[in-house]
Asker: 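Sending over a structure as structure tokens; questions will come in a sec.
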Amino acid sequence: MDTPDLPRSVGVLGVGRFGGALARHARGAGLAVEVAGSADDPAAACACDVVILAIPLARYRALPAGLLRGALVVDAMNHWWEVDGARPEFDDPRTSTSETVQAFLRESRVVKAFGHASAWEVENLPHPAGHPDRRGIAIAGDDARDTAVVAALVDALGFDPVLAGPLAAGVAFEPGTEIFGSDATAAELREMLARFPESQRGRVVARARHGREGGAR
Ligand SMILES: NC(=O)c1ccc[n+]([C@@H]2O[C@H](COP(=O)([O-])OP(=O)(O)OC[C@H]3O[C@@H](n4cnc5c(N)ncnc54)[C@H](OP(=O)(O)O)[C@@H]3O)[C@@H](O)[C@H]2O)c1
């Protein structure tokens, strides 16, 4: 298969449940993978074609912004209350959590993906393209070339990429949304994305961002 967008190397920052699962699975899929935990030098991981962020979101300010300058960064992090605590900056409906990470990593190109899937799903539910049970992974990013690279990575890992729109659209697959943890196919994900503006969270987001409800009433 011709996959010109597929990254040759993948860095993973954070080697816990999720980062560990992603790294093992990416290696198994034949990709070159560099990982870095909190006590490691992150330089090699940050030099990879794509760098996946898999640390607790509340610690995003510890990310090596200098090493990530110019990098394509995949934000797989979520605001998880049990771990991160209540953090108003992550609940502000005007800003998706990935936009907050992008504002910190202002010289990187952040794309949101993978975070709505579980570590278990990533390792245990990949399927070849065309398989009826193949799950989808939603992708939000501002640059079409970057989202194409992330889509190729998602596909290589055994999932169907679903382009959801710009980085701000990632709010539709944060915790608490219908998509989060749904283990859905690509077709189901597209339906959920289309329904998001009419969900409770979707209406709150639309009011906060545009001063009006998002969905048809
Ligand atoms: N678990 C899932 O199924 C799942 C699914 C989707 C998304 N996520 C997201 O993935 C992220 C990680 O979740 P997790 O469940 O894997 O948590 P976890 O098991 O607690 O692992 C987090 C890892 O991040 C490391 N870390 C912390 N700060 C770091 C830094 N500055 N640089 C490098 N590594 C650092 C921690 O190392 P130390 O212990 O040494 O601090 C730890 O190994 C979270 O944002 C979560 O919302 C998780």
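Just so you know, ligand 1 is whichever comes first in the structure, and atom 1 is the first atom listed for that ligand.
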Asker: In this structure, which one of Val110, Val73, Leu72 forms a side chain to side chain contact (heavy atoms under 4.5 Å, CB included) with Asp146?
Answerer: Leu72
Asker: Sequence neighbours excluded and cut-off under 3.5 Å, please list the side-chain donor-acceptor pairs for residues 41-51, or say none.
Answerer:
| residue | atom | partner | partner atom | Å |
| --- | --- | --- | --- | --- |
| Asp41 | OD1 | Ala43 | N | 2.9 |
| Asp49 | OD2 | Arg8 | N | 2.8 |
| Asp49 | OD2 | Ser9 | N | 3.4 |

Asker: Select all protein residues for which some heavy-atom-to-ligand 1 distance is less than 4.0 Å, and list them by chain and number.
Answerer: Gly14, Val15, Gly16, Arg17, Phe18, Ala36, Gly37, Ser38, Ala54, Ile55, Pro56, Leu57, Arg59, Ala62, Ala76, Met77, Asn78, Gly115, Ala117, Ser118, Ala119
Asker: So how far is it from Thr177 OG1 to Met192 CE, rounded to the nearest 0.5 Å?
Answerer: 9.0 Å
Asker: Is it true that a side-chain atom of Arg94 and a backbone atom of Arg209 form a donor plus acceptor pair closer than 3.5 Å?
Answerer: no
Asker: Scan for salt bridge (Lys or Arg N to Asp or Glu O under 4.0 Å) pairs involving residues 12-30, sequence neighbours excluded, and state none if there are none.
Answerer: Arg24-Glu123
Asker: For Trp80, enumerate each residue passing the ring-ring contact (aromatic ring centres under 6.0 Å, His included) test, keeping only those at least two apart in sequence or located in another chain.
Answerer: Phe180
